[in-house]
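Here the structure is laid out as structure tokens; the discussion comes afterwards.
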Amino acid sequence: MTLQTKLSKGDLVVLVEMNTPKGVDISDLVTNARHLKSRIDAVVIPDMDNGVMHMSALAGGAIMRQQGMEPMIHIYGRDRNRMALQGDMLAAHVLGIHNLLVVQGENIAHGDHQNAKPVDDLNELDLLVMVHSLLKGTDLAGFELKGKPEFFTGYQVQPIQDDDHLEEEIKTTKAKVDAGAQYIMVPPVFDIDYYIQILNKFKSLNVPVIATVFMLKNVGMARYISINDPGSKLPESLITRIRKAKDRETECIRIAGEMIKELKSQVAGIKISASGWEDRLPAILDCAGL
Amino acid sequence: MENFEPEIVAFCCHYCAYTAADMAGSKRIAYPPNVKIIRVPCTGKVDAIHIMKAFEKGADGVYVAGCLEGDCHFKNGNTRAKYRVEQVQKYLTDLGWEKDRVAMINMSAGMGEFFASTALEFTQNIKQLGPSPIKHFNTDGHQTAVS
Amino acid sequence: MQKLKNIQHDKSNDRSVLVIGGGVGGIRAALDLAESRRNVILIDKSYSIGGLMTQLDRTFPTNNCDLCTVSPHLSENTRQIHLDLQPMTQLEELTGEAGNFTATLVTEPRYIDINKCTACGECHKYFPEAVRFTPGLDPRAPTCMRYPQATPYAFSIDMEKVTDIKALQKACKADAIIPDDVQKKTTVEAASVILSVGAKLFDPAVLDNFGGGLFDNVVTGLEYERIMSASGPFQGDLVRVSDKKRPKKVAWIQCVGSRGINKADVPYCSGVCCMYALKEAIVTKERFAESIETTIFYMDMRTYGKDYELYYNRAKNDYGIRMIRCRPHSIVEDYKTKDLSITYAVEEEALTKTEEFDMVVLSTGFRVGQTSIDLMARLGIQLNPHNFAETDHFNSVKTSRPGVYVCGVIESPKDIPETMVQASAAASMAATDLPAITDIPEIENDFMPERDVSKEEPRIGVFICDCGLEIGGVVDVDKMVEFAETRAHVVVSQAVGYGCSSDSMSMIEASVKTNNLNRVVIGGCSPRTHETKFQDLMRRTGLNKYLVEIVNLRDQNTWAHMGQPKEALDKAYKLLGIGINGVRKSRSLTDQTLPMNQNALVVGGGVTGMTAALQLARQGIKVYLVERNPGLGGLAKSIRKTIEGDDVGPFMNQLIDDVSAHENVQVLTRSIIVDHSGIPGRFKTGIQTGPRMNYMQLDHGVTVLATGALPNRPDVYGLGTHDNIIDQLELDAVIEDNPEKIKAVNNVVMIQCAGSREPDNPNCSRICCQAAMKNALRIKAINPDAQIFILYRDIRTYGFQEDYYREARNLDVKFIRFSADNKPEVKIENDRVSVFVDDIILGRKIQIETNCLALSTGMIADDENTEDLSMMFHLPRTQDHYFLEDHVKLRPVDMSVRGIFIAGTVHSPKTIQESITQAHAAAGRAQTLLAKKEINLGAAVAKVDGSKCAACLICVRACPFSIPFINEDGYSQIDPAKCQGCGVCAADCPAKAIQLLAYEDDQIMAKLDGLFGGIN
Amino acid sequence: MITAEQKPLKEIIEYISPYDRILLVGCNECVTVCAAGGRKEVGLLASALNLHSLKQGRTIDIKEITLERQCDPEYVEELVSEIDRADAILSMACGCGVQTIAERYKEKPVFPAVNTKFMGASQSQGIWVERCQGCGDCLLGITGGICPVARCSKHLLNGPCGGTSDGKCEIAPDVDCAWCLIWERLKALGMEKRYEEIMEAKDFRPAGGGGPRKIIREDLSL
Amino acid sequence: MKTQSRLEKVLASGALAVTSEVGPPRGAIPEKVKEKASLIKDHVDAINVTDNQTAMVRMSSWAAGVIIKQMGLDPILQMVTRDRNRLAMQSDIIGAYSMGINTMMCLSGDHVKFGDHPMANGVFDLDSIQLVQAVRKMRDEGKFQGGADIKSPPKMFIGAAANPFADPFELRVMRLAKKIKAGADFIQTQCIFNLDKFEKYMEMVCDRGLDEQVHLLAGITPMKSAGMARYMKNKVPGMDVPDDVIKRMEGVSKEEQPEEGIKIAIESIERLKKVKGVHGFHIMAIEWEEKVPQIVEKAGLFPRPVV
């Protein structure tokens, strides 16, 4: 069953995020994927996430396909112009990658190639328009394509900073849905009750809402997020809980698992991001009872 | 029984307990000389057989001393050692021995005082328990292992 | 017999660093450089190196005898390739410039060929007069060693005092006397110079009121050390000089010759005397008798170092050492009994008292001798007003002459750990004038080929140290020797004195050869400290280094059981039994090696981290600088001025620019460490980096932790409740940014130790007293009419900071002392802040209304962060959550996990300059590891016997590092290059098919047999 | 593999108490892999027995030997050189090994030191689970690779009983319901239809109902 | 008519059948059987006689069945495959039939672990479906399992059990189909508390047309207390007691709880009467047989038809 049909049937979908390597050694990527094969519905492959140069998501998606798994790749306008993007989309279809997630590319200044020149030929809305056009068999210049690609396209909501921003973000997201986004992915919030409130608001857009569970790894990381990303509402009690744990890593896995448990009845799908600790994903799934 | 001086073997891991023992020495903290240390790289190396053989050869008590839980230099050698000590305790119980003749103790390299106080405590416990059941008092008051 | 090896200078790296002074500082600097494969010439005017520290009895806080901890550093074979030791040598002239100096050296005649001398001591039997052994106490032989592990291990002769040269030559069986030895002059090329000549101790003889030099039972601190020392004049017995009787009452008088009260005094604080007086008092009680009464007369107790306050508290509370805050006026000797009476004023009661003592120790401090002043003139470096070497305010080892660096007491008064830090820092700085470390090729060690002993019957040699009195003073070494003789296969059994001294080492080496030994047991101290040294010895004899077993007779026997000599002897027999049986089963093993990763990870982007990163980067090392905040700078960025008056801002901006611009530094801000694995030289650390927490793994060979401490914000004295109640850091900013506001203040009150020296933060924050002086003086400069009150417990302006304290007093800053149990009170009424304090001198409570109350809140460890890091990196911490270094005296920046170093305030509170010095030191120590191209993993790896293996997979699953796998032959295989050597698989293997080399089961069984008297 | 578990020490001690010289024989096959009777367990048991006898004030002579495989006469033959010096044999092999020894050395008493448990697989380190009962007529091909004979508490062949909850068997919450597993597997394989076929009553002759079983390979036998 | 079974006749008449059960005593006390049976004799069409229920040793079900038969009532012989192999079971069947017992239930039985003989070996030579098949073969083909002919084969009306609530739910209907395919004439279900789920189940049953092929009797158990409800939910395997039922029981005072339990049972029957495919009720009043008449009456199932 593809992701799309499963979502349309109302079944819970479980996605995990896996980064392509910075380099050509794909052994970890493949091994981690294999360990999850029967347990998840799709693998989300970010494309040079956070502005850090990695192997392209297109290749990552193709590798997942080779492993018999369903890929979903990020697309955004920072690094490629409309030519490159359309070309890559056609390639994606041919390589068996049919799930797209339109994201906003991280500011170049935050990445590892700070001197690079951002392209920004198309914005997120343009991208959705572009995908829509390709689906219809026409490229952005109006020329007809030989063979139409098929895509299931979603939109990645920006991290919510506060209630005002939430309202604004719902508006922009609605525009994306109107432009053809078929599902939306909501970034992580650590206060579950608050997260559920947010998710419920997005549900009003009438497309499947996928929540994100982001794995904390230690106190330092939790502290960093609580200070630097107040919108993610990381409660002090969570930091205390990790500090008090005898085995902090296991506790972090448990926390992620519990979040998934709480969220799974509330949303159409859950994406788990272990951010480099993909080898711990099976343990998180165990804890989540998935 | 009063002048019974037990023979105690302590299997100490190099990184924590052995260093703690050195630390106790360098701080001149006295503890009973009954404790004799055999150094191992990690308590995970200590096999149940080593403990059993120590008893067989005449030990009145044996303890395995490793790093604090969660702090093992080799990730989890000390927790494995703990299970092995429990295994030996079960054996001893089955044999009708006191299971407290063997123990697992955790400490960090800096805990010289703790090393000394546990050595004292363990020695006192073994004194309470008396000589190993395989030892028999000769008329001159000396104990010998029958072997 | 140890020879001084002729240096074969590496051609491509032929520029050396000249280190002047062979005290601990000079030795540390020289060894750091040599270990980093830099060529070093170490000169010392004395006939053997070691300096002051080797004369000390024990050092705090561990109260160890540190001879043995220093000595392993002195004779490691492998280092000699790069280290050229020239005793009895002085610098005459230094020309040229940084990178290209020419030094003229003069070596005095020794009259003994050190390559022939066996240090047998025959010569001194015949000519016992003339040369002084210990300052002031011990007139001894003309050919005399200063301490038993002297390096080089050879006598020297003071030819002027020799009457009959022929007779002397005759006495020497080794034919080592060179009567016509002459002074030699040489020139050497040096890229840089490190000056580490230390300082002299003040001679109290000039003070008539303390009878120094006149009264037998008044001694200086150092003399007291010598009296207690096992190698001292009374063989380690504490007795009075006058009647050789054990004293019952000993007093210490602090600040003798320091802190400028008398005419002969120097104005500065000598920094170390408070700690050594406490140590001597504790050791007196600990080693000699609880009942000896110990009293310390002091002005301010300056226990400002790491955990020193705890040591002070122990002295007071656990040992009952009496503390009297008073400067005694004089000492009077009873001419008959030679007892001493001290007259002193009791502060609280305003009366004087006279009390009798058996012995009085004068805590004398440092001063720079004329020879050092002359030497510094020859080096062309500037002196400060106190005749110490003037250094850069942001780099304490950098002198006024580029390329010349200093370390140790010649820079400023300091204790051993600080000297060690500065030595490593100086070495690191000196290396910057040499080619980058990454450009130096590696030279192979060439030991003789190993002998195959597998077919031989065991022939065991047992060598037992007495370690001065440390072992021999508790148990009878001869009896142990006899015991060992009776064991099977023991061919040789003998006592060797200090086994780690070079003569004993040579003797053992010779014995191995003449007796054709194939296994060796050393009964001595802990293998943790000395195993390598004896393993090197084995290699020199052509034996595999795993054929030696060290029996821990000292640390785990005589030290712990000194009160039970009989039981300790019995235990010694058993420990020897374990060792002998164990070595019998030892096998020759090969060490595993892996290539070194030459990147460095520096955690923390404050002043310390940046300095360390830059220093490493300049040596060609790729550095990852990880900082959790969005920008670099850390706490130092919020400081405006140093006490010396330097602007911190421009300095920091320059540093940030340099770091950001350096091609070898990869700055990773907004980065959090989340995992860590690997072994020293091949670490792998995972970080989350950037605003979106991108995960990244860094490969690196070493780690420098410089994550700093936090400014303390305790909830005391109304801090945070009123605009006029601020901390010193805020005051610093106000003074700089808003002088108008300062002009408007009338009464300024500062309260010291706010939140420090308290149960929940027991140590001294070190920086607050100088911060108070700094800010007080600046306020006075802006607003001379301002009244300033500093409420304190002890003023701890150590070293030259005392100058600022004196200046503050001169400017009429009021100092009011309070005690921990009677603290000032702050009241806010009608928005006005008042401080109430009991004035001890006035004997009443006074009220000061203030419009500026500055609290000296100091620092507190970043518990949450160090806890996280300590778990990931497996590092110990102190009780108050700072990182705990490997050895508090001798390895102050090394952590117990090799390859991890700490610097800055994550170690303990310190000033910017001190942090920078430690950063350089950490970078220098890191280079000693990075200079190697290979990592030695040791030989303790698991080995599978395929014929026994049942391929059950238990090892595959049990291994914490996932190393074993089932190979195509169907049995488990363990890659020795990956095996970490924990032995979990060996213990779990149900088929007993796995053995951990060096800890095989048969060896452990044999050890058990040895313990219980059986033979195996 | 065949799994086993050491007998209670008390029982072993009772067996061997009349004897002074014991030959303690381990096996390097299944019982090593399930950590019941390999070299290590042999060593531990020997040590425990020694401790026991020393406590009684007597010494026993325990000779430890671990054979490659105790169920093959050729390996068992290796005991010949030791057998005369033993009063009794204590075997840590499965029942097959014990019987092979008993058959070869008829003059010596042979005692089992382990309880032979079942044919199982290792689930994770230190945990072994039953997977096969050797019924002689393998059904796995039609049950999705999961055996209802070995893994259903009631050996049901036609589906789960009414006691299943949450996919677990009624006998204990940690026991998976074999039929739930079979069903999931059949679904995954698209073989749901298989389930609807009634499995006829099982012929128990190949399972041992017809007496001790034997395999004869004429092409191999000599 | 396949058999002489009264139950078959009632069902064939199109009336809603009512059965209940009697657990034989743990001792040779025939009076006890009689006493229990007479409590319900007028209110049910047939009486299940349990076979070592909950794996506890009791008087054998066919002996107790004979006692009931001798009272002129109609016993349903329960037989579990746990305690007997195929020889014993076939011999008991022809024995029982010879004593006039013509209706039986084929079950696998609770696991021995739960009973008073946990050390016993469960036989399970056949499973319940295979037993249904075996009885049908005896009746319709006149053959024993071994293939030999039966002289005068037993004509048993064959029942089997169904639990609509055990896992996996989707298998429940298929399993029912299997039992029907094997030869089950009627089905008695596990106690039904979750009516919604049961209705869904019945829909699936009807979708497959199984209601045409078998007579399904819905299981009803009156609860004595909220405690019992909780116990059933938590401790009895394969039981589905929804929270609102427990809440309802808890909502009344302890004294009123038995009455509430009976009320629930009656309401359930009323509701289930309307469900397509439900051909009757099997009332399991565990150790509470005296309440069966009341339930039957209040549920409008009294009097019983005469056939």
Side-chain angles (χ1 to χ4, degrees), chain B residues 5 7 9 11-16 18-19 21-50 53-54 56-59 67 70-77 80-81 84 108-112 115-116 119 144-145 147, chain C residues 61-64 286-287 525-529 552 554-564 567-568 570-572 574-575 578 582 870-871 874 876-878 884 896-897 938 940 958 960-961 980-989 992 996 998-999 1001 1004-1005 1007-1009 1011-1014:
Chain B
E5 286 299 338
E7 202 66 81
V9 180
F11 290 101
C12 291
C13 81
H14 175 81
Y15 287 94
C16 290
Y18 192 89
T19 309
D22 277 358
M23 182 75 97
S26 67
K27 288 188 168 173
R28 312 298 192 285
I29 307 165
Y31 56 88
N34 309 58
V35 175
K36 317 289 187 304
I37 293 177
I38 290 185
R39 183 166 62 132
V40 288
C42 171
T43 48
K45 169 73 187 77
V46 181
D47 193 332
I49 295 189
H50 299 154
K53 288 282 174 190
E56 219 181 297
K57 290 173 197 292
C67 304
D71 241 4
C72 174
H73 191 80
F74 300 103
K75 294 187 184 175
N76 60 357
R80 303 190 74 83
R84 296 195 199 115
S108 78
M111 294 164 71
F115 179 87
T144 46
S147 60
Chain C
T62 54
N63 295 355
N64 280 358
E286 205 172 48
R287 255 181 67 207
C525 57
S526 176
R528 289 175 50 253
T529 50
N552 195 334
R554 192 188 67 178
D555 303 38
Q556 292 180 5
N557 191 19
T558 55
W559 275 359
H561 316 309
M562 44 179 35
Q564 292 171 277
E567 287 79 2
D570 181 59
K571 178 168 169 180
K574 287 175 173 157
L575 295 179
I578 293 175
S870 75
M871 286 184 163
H874 297 291
R877 298 191 300 160
T878 62
L884 177 60
S896 53
V897 178
F961 306 97
Q980 310 273 310
C982 63
V984 163
C985 57
D988 272 352
C989 175
K992 286 269 142 242
L996 182 68
Y999 296 94
D1001 285 329
I1004 290 177
M1005 293 305 161
K1007 285 182 174 180
L1008 287 171
D1009 280 327
L1011 167 58
F1012 295 105

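We name chains A, B, ... by the order of the sequence lines, and we start the count at 1 in each one. What you see is a predicted model, and the numbers here were worked out from it, not measured in a lab.
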Hey, does the side chain of [X] reach the backbone of [Y] with a donor-acceptor pair shorter than 3.5 angstrom?
X	Y	answer
C:His561	B:Ala30	no
B:Lys57	C:Phe1012	no
B:Lys45	C:Gly981	no

Requested in this report: Might you work through the side chain to side chain contact (heavy atoms under 4.5 Å, CB included) test for B:Ile49 and C:Lys992, ending with a clear yes or no?
Outcome: CA-CA 11 Å; B:Ile49 295 189; C:Lys992 286 269 142 242; 4.1 Å; yes
Does any heavy atom of chain C fall under 4.5 Å from the side chain of [X], the backbone, both, or neither of them?
X	answer
B:Cys13	neither
B:Ala48	neither
B:Ile29	backbone
B:Arg84	side chain
B:Thr43	neither

Please flag which part of [X] lies under 4.5 Å from any non-hydrogen atom of chain B: side chain, backbone, both or neither.
X	result
C:Ala998	neither
C:Asp988	both
C:Gln556	both

Report task. Decide yes or no for C:Asn552 and B:Ile37: does some side-chain heavy atom of the first lie under 4.5 Å from some side-chain heavy atom of the second? Result -> no
**Report entry** 4.5 Å side-chain heavy-atom contact, C:Lys574 and B:Glu7
**Finding:** yes
Query raised in the report: Relative to chain B, which of C:Lys1007, C:His874, C:Met871 shows the most heavy atom pairs under 4.5 Å?
Result: C:His874
Query raised in the report: Between C:Gly983, C:Ala560, C:Pro960, C:Cys982, which residue shows the highest count of heavy-atom pairs closer than 4.5 Å to chain B?
Result: C:Cys982
Between [X] and [Y], which heavy-atom pair has the shortest distance, and what is it?
X	Y	result
B:Val35	C:Lys571	O-NZ, 3.0 Å
B:Tyr18	C:Ser526	CE2-OG, 3.8 Å
B:Pro33	C:Glu567	CG-CB, 3.4 Å
B:Arg39	C:Pro527	NH2-CB, 3.6 Å
C:Ala958	B:Arg80	CB-NH2, 3.6 Å
C:Ala986	B:Asp47	O-OD2, 4.5 Å

Query raised in the report: What residue, out of B:Val9, B:Asn34, B:Thr19, has the most heavy-atom pairs lying under 4.5 Å from chain C?
Result: B:Thr19
Query raised in the report: Between B:Ala59, B:Ala24, B:Ala116, which shows the greatest number of heavy-atom pairs under 4.5 Å with chain C?
Result: B:Ala59
**Report entry** Interatomic distance, C:Tyr999 atom OH to B:His50 atom NE2 [nearest 0.5 angstrom]
**Finding:** 13.0 Å
Query - From C:Arg528 atom CZ to B:Tyr15 atom OH, the distance as rounded to the nearest 0.5 Å - result: 11.0 Å
Requested in this report: Report the C-alpha distance between B:Glu56 and C:Leu1008 in whole Å, list the side-chain angles of each, state the deciding distance to 0.1 Å, and finish with yes or no for side chain to side chain contact (heavy atoms under 4.5 Å, CB included).
Outcome: CA-CA 10 Å; B:Glu56 219 181 297; C:Leu1008 287 171; over 6 Å; no
